[in-house]
Amino acid sequence: MLDIQALRNDLDQVAARLQARGYALDIAAFNRLEQERKTAQTQTQDLQAKRNASSKQIGIAKSKGEDVSAILAEVAGLGEQLKANETRLADVQAELQSLLLNVPNLPHSSVPVGKSEADNVEVRKVGTPRSFDFEIKDHTDVGTPLGLDFDTGAKLSGARFTLMRGQIARLHRALAQYMLDVQTEQHGYTECYTPYIVNAETLLGTGQLPKFEADLFAAKKGGQEGESEALYLIPTSEVTLTNTVRDEIVAAEALPIKLTAHTPCFRSEAGSYGRDTKGMIRQHQFDKVEMVQIVHPESSYDALEQMVGHAENILKALELPYRVVLLCTGDMGFGAAKTYDLEVWLPAQDTYREISSISNCEAFQARRLQARFRNAQGKPELLHTLNGSGLAVGRTLVAVLENYQQADGSVTIPTVLQPYMGGLLAICA
RNA sequence: GGAAAGGUGGCAGAGUGGUCGAAUGCGCCGGACUCGAAAUUCGGUAUAGCGGUCUCCGCUAUCGUGGGUUCAAAUCCCACCCUUUCCGCCA
């Protein structure tokens with residue numbers, strides 16, 4: 001959520017910055033609502049002040065045993081007037097709030113202006129794609145004989161669900177364990193285990209609601225009918241980790257807060273029909289090791305660069321070629337002020353594919369969350385929040401299968417994963 | 001699932017219709033005392049919004065959430081959420 005003060009004071013400039021990311025702010029609607037809010041609020045507050053003063057007088061008079069009927073006559077009818085005004089004010093403020101909740105974050109000045117993926121800027125390329133002296137198979141062809149089972153996944157749950165068996169399942173687990181160990185032992189994140197099902201308020205805090213409900217899975221208690229409050233499956237543990245500071249005022253000394261968790265993520269992938277339908281690139285359920293940092297506003301851009309490094313270290317250790325991309329204004333997510341993507345080399349697709357996305361949300365989430373710290377003046381101030389994948393486990397598995405495939409159909413195990421695989425050097429059918 | 005208790009400021013905790021935004025303690029900030037610190041002592045210390053003559057003043061809202069009663073609600077009524085304890089069920 002943007003600071004409403006920024007919109008009041010500098011509406012045209014805010015609108016221009018939003019335009020850069022392809023969002024057309026309804027300036028007229030905002031101005032009209034603000035005007036209505038102002039009159040409704042002053043009128044309401046005047047009436048409230050009048051009522052409070054009279055009530056106080058009544059209290060004083062009664063304690064002295066005086067007659068209060070004169071004052072009572074004065075406030076007759078005030079109640080109804082007040083109620084009408086209060087209702088109007090509440091309506092206008094709710095409208096303003098919902099307008100505000102649907103406005104994306106402002107891009108940082110260092111973010112390149114662009115319309116789509118095509119305008120993203122490559123920052124660096126690391127590692128050299130391996131050359132193959134046999135015909136490259138994609139991860140589905142490599143994985144299927146080793147235990148990757150899309151048919152059973154579809155039978156159990158539908159399209160975009162996968163079952164893994166045997167060594168593939170173990171490799172998947174090894175990746176997650178390894179990532180979690182690196183993030184906790186080498187990069188200083190605190191390991192968390194979080195709920196996978198959350199309430200609407202939590203999703204409002206990180207920005208998935210109210211705008212993106214269609215991208216989520218909702219859950220209800222078995223046998224429950226009707227309009228009970230919906231619960232949702234988390235689309236990423238960014239949601240739970242970041243919400244740990246919702247409605248908190250944390251001590252400045254506690255910063256930065258660095259959290260990580262390995263969780264499944266559930267996404268309905270609405271609007272992506274027809275994209276990446278083959279294989280496990282785009283799933284309704286996938287595992288991810290998430291990094292979240294909650295930091296002092298002054299250090300959030302340093303933290304962003306660090307977190308990119310924390311994600312890169314996993315790819316380096318796995319010896320997977322990748323590139324770092326700075327997203328343009330048009331390709332960034334709703335809450336991000338600046339985002340780097342890490343894209344891993346997939347030889348069968350002959351291209352780099354997103355495997356991690358690391359964003360600084362500045363105070364955008366913190367404002368929704370009311371997540372604050374006490375600044376040097378002792379005043380509560382909004383924190384900055386950052387999140388990033390470190391990494392997406394399913395896509396890393398895809399990358400390992402493709403990059404480490406051998407002519408005989410086996411897949412060698414990256415050195416750092418071997419201890420997690422009981423010393424296995426390769427898996428084969 | 002059943003029963004009970006409870007949700008008040010940064011924290012602990014009093015307050016059961018009226019000068020209550022809320023006692024007291026802790027914490028924090030400033031002063032005094034001290035060579036300095038501790039102890040002691042004095043004063044200050046919520047958040048958000050609106051308005052103004054805008055380093056300050058005034059007003060409004062906020063005691064889990066939402067509704068209701070009333071001239072007036074932390075306090076009374078209703079619904080919901082959450083927490084704790086006990087019982088039941090359960091990995």
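First the proteins, then the strands, lettered A, B, ... as listed; each starts at 1.
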Handout entry: Inter-nucleotide P distance (G2(B), A61(B)), Å rounded
Key = 39 Å
note: Gln97(A), atom CD; G49(B), atom C1'; distance rounded to Å ~ 13 Å
- Go through the steps to decide whether His284(A) and Phe217(A) satisfy the test ring-ring contact (aromatic ring centres under 6.0 Å, His included), and finish with yes or no. CA-CA 9 Å; His284(A) 287 314; Phe217(A) 281 102; 5.5 Å; yes
Contacts of Lys56(A) and Gly79(A) projected onto RNA chain B by closest heavy atom; the upstream (5') one is Lys56(A)
Atom CG of Asn85(A) and atom P of U60(B) are separated, to the nearest Å, by 15 Å
For Phe334(A), the ring-ring contact (aromatic ring centres under 6.0 Å, His included) test, sequence neighbours excluded, returns Phe212(A), Phe364(A)
Distance only, no hydrogens: is a donor on one side chain within 3.5 Å (strictly under) of an acceptor on the other, for Gln48(A) and Gln43(A)? no
Practice task
Using only heavy-atom distances, determine whether the side chains of Lys338(A) and Ser110(A) contain a donor-acceptor pair under 3.5 Å.
Solution key: yes
(message) Mind checking if Lys83(A) touches a base, just sugar-phosphate, or nothing, with heavy atoms under 4.0 Å?
(response) sugar-phosphate
Applying the 3.5 Å cut-off to both distances, the Watson-Crick or G-U partner of C82(B) turns out to be G6(B)
Answer for the Watson-Crick or wobble partner of G17(B), both distances under 3.5 Å, is none
Checking N1-N3 plus N6-O4 or O6-N4 for Watson-Crick, or N1-O2 and O6-N3 for wobble, each under 3.5 Å, the partner of U75(B) is none
Can you tell me, in whole Å, how much space there is between the P of U53(B) and that of C63(B)? 32 Å
Within the 4.0 Å heavy-atom criterion, would you say Asn52(A) contacts the bases, only the backbone, or no part of the nucleic acid? sugar-phosphate
Between C81(B) and G67(B), how many Å separate the two C1' atoms, rounded to a whole number? 14 Å
Per atom distances to the Ile60(A) side chain, the nearest of G49(B), U19(B), C71(B) is U19(B)
**Report entry** Distance between C1' atoms of A79(B) and U69(B) (Å, rounded)
**Finding:** 15 Å
note: Glu80(A), atom CD; G68(B), atom P; distance rounded to Å ~ 13 Å
Check: Could one point to a donor on the side chain of Lys62(A) or the base of G18(B) with an acceptor on the other under 3.5 Å away?
Finding: yes
Is Lys50(A) touching bases, backbone alone, or none of the nucleic acid, heavy atoms closer than 4.0 Å? nothing
Expected output: side-chain Ser300(A) to main-chain Glu362(A) donor-acceptor under 3.5 Å = no
Rounding to an integer number of angstrom, what distance separates G43(B) and C26(B) when you compare their P atoms? 14 Å
Any salt bridge linking Lys38(A) with Glu34(A)? Criterion: basic side-chain nitrogen under 4.0 Å from a carboxylate oxygen. no
Margin query: Using atom P in both nucleotides, what's the gap between G64(B) and U55(B) to the nearest angstrom?
Written below: 36 Å
Pairing partner of A46(B), by Watson-Crick or G-U wobble and under 3.5 Å for both distances, is U62(B)
Between CG of Asp247(A) and P of U47(B) the distance, given in whole Å, is 15 Å
Using Watson-Crick geometry (N1-N3 plus N6-O4 or O6-N4) or G-U wobble (N1-O2, O6-N3), each under 3.5 Å, G51(B) is paired with C57(B)
Checking N1-N3 plus N6-O4 or O6-N4 for Watson-Crick, or N1-O2 and O6-N3 for wobble, each under 3.5 Å, the partner of G25(B) is C11(B)
Any side-chain donor paired with an acceptor under 3.5 Å for Tyr232(A) and Gln208(A)?
no
Separation of C71(B) atom P from Gln57(A) atom CD, nearest Å, is 16 Å
Walking RNA chain B from its 5' end, the first of Ser63(A) and Leu72(A) to be reached, judged by nearest nucleotide, is Ser63(A)
### Task
Give one of base, sugar-phosphate or nothing for Gln370(A), where a contact means two heavy atoms less than 4.0 Å apart.
nothing
When rounded to whole Å, the CG to C1' distance for the pair Asp46(A) and G52(B) reads 13 Å
Which of C71(B), C50(B), U47(B) is nearest the side chain of Ser55(A)? It is C71(B)
Under 3.5 Å, is there an N or O donor on one side and an acceptor on the other linking the side chain of Gln45(A) and the base of G51(B)? no
Expected label for U24(B) (glycosidic angle, syn inside 90° of 0, else anti) would be anti
- Query: So, is Lys379(A) close to the U47(B) phosphate, meaning a side-chain N or O under 4.0 Å from OP1 or OP2?
  - Reply: yes
Is there a donor in the side chain of Thr236(A) and an acceptor in the side chain of Lys288(A), or the other way round, less than 3.5 Å apart? yes
| request: Determine: side-chain N/O of Arg51(A) to OP1/OP2 of A61(B), distance under 4.0 Å, yes or no. | output: yes
Here the distance between atom C1' of G51(B) and atom CD of Glu34(A), to the nearest Å, is 14 Å
*What nucleic acid atoms does Thr42(A) come within less than 4.0 Å of, heavy atoms only: base, sugar-phosphate, or nothing?*
sugar-phosphate
* Any Gln43(A) side-chain nitrogen or oxygen under 4.0 Å from OP1 or OP2 of C59(B) -> no
Here the distance between atom P of A48(B) and atom CZ of Arg37(A), to the nearest Å, is 16 Å
Using Watson-Crick geometry (N1-N3 plus N6-O4 or O6-N4) or G-U wobble (N1-O2, O6-N3), each under 3.5 Å, G1(B) is paired with C87(B)
query: Under 4.0 Å: is that the gap between some side-chain N or O of Arg8(A) and OP1 or OP2 of C50(B)?
result: yes
Taking G18(B), G49(B), U47(B) as options, the one with an atom nearest any side-chain atom of Arg372(A) is U47(B)
Re A32(B): Watson-Crick or G-U wobble partner, both distances kept under 3.5 Å, found to be U40(B)
Per atom distances to the Ala49(A) side chain, the nearest of C59(B), U19(B), A61(B) is C59(B)
#### Entry: Gap in Å between the two C1' atoms, one belonging to G27(B) and one to C90(B), rounded
43 Å
**Study point:** Donor-acceptor pair between His108(A) and Asn360(A) side chains, under 3.5 angstrom
**Key:** no
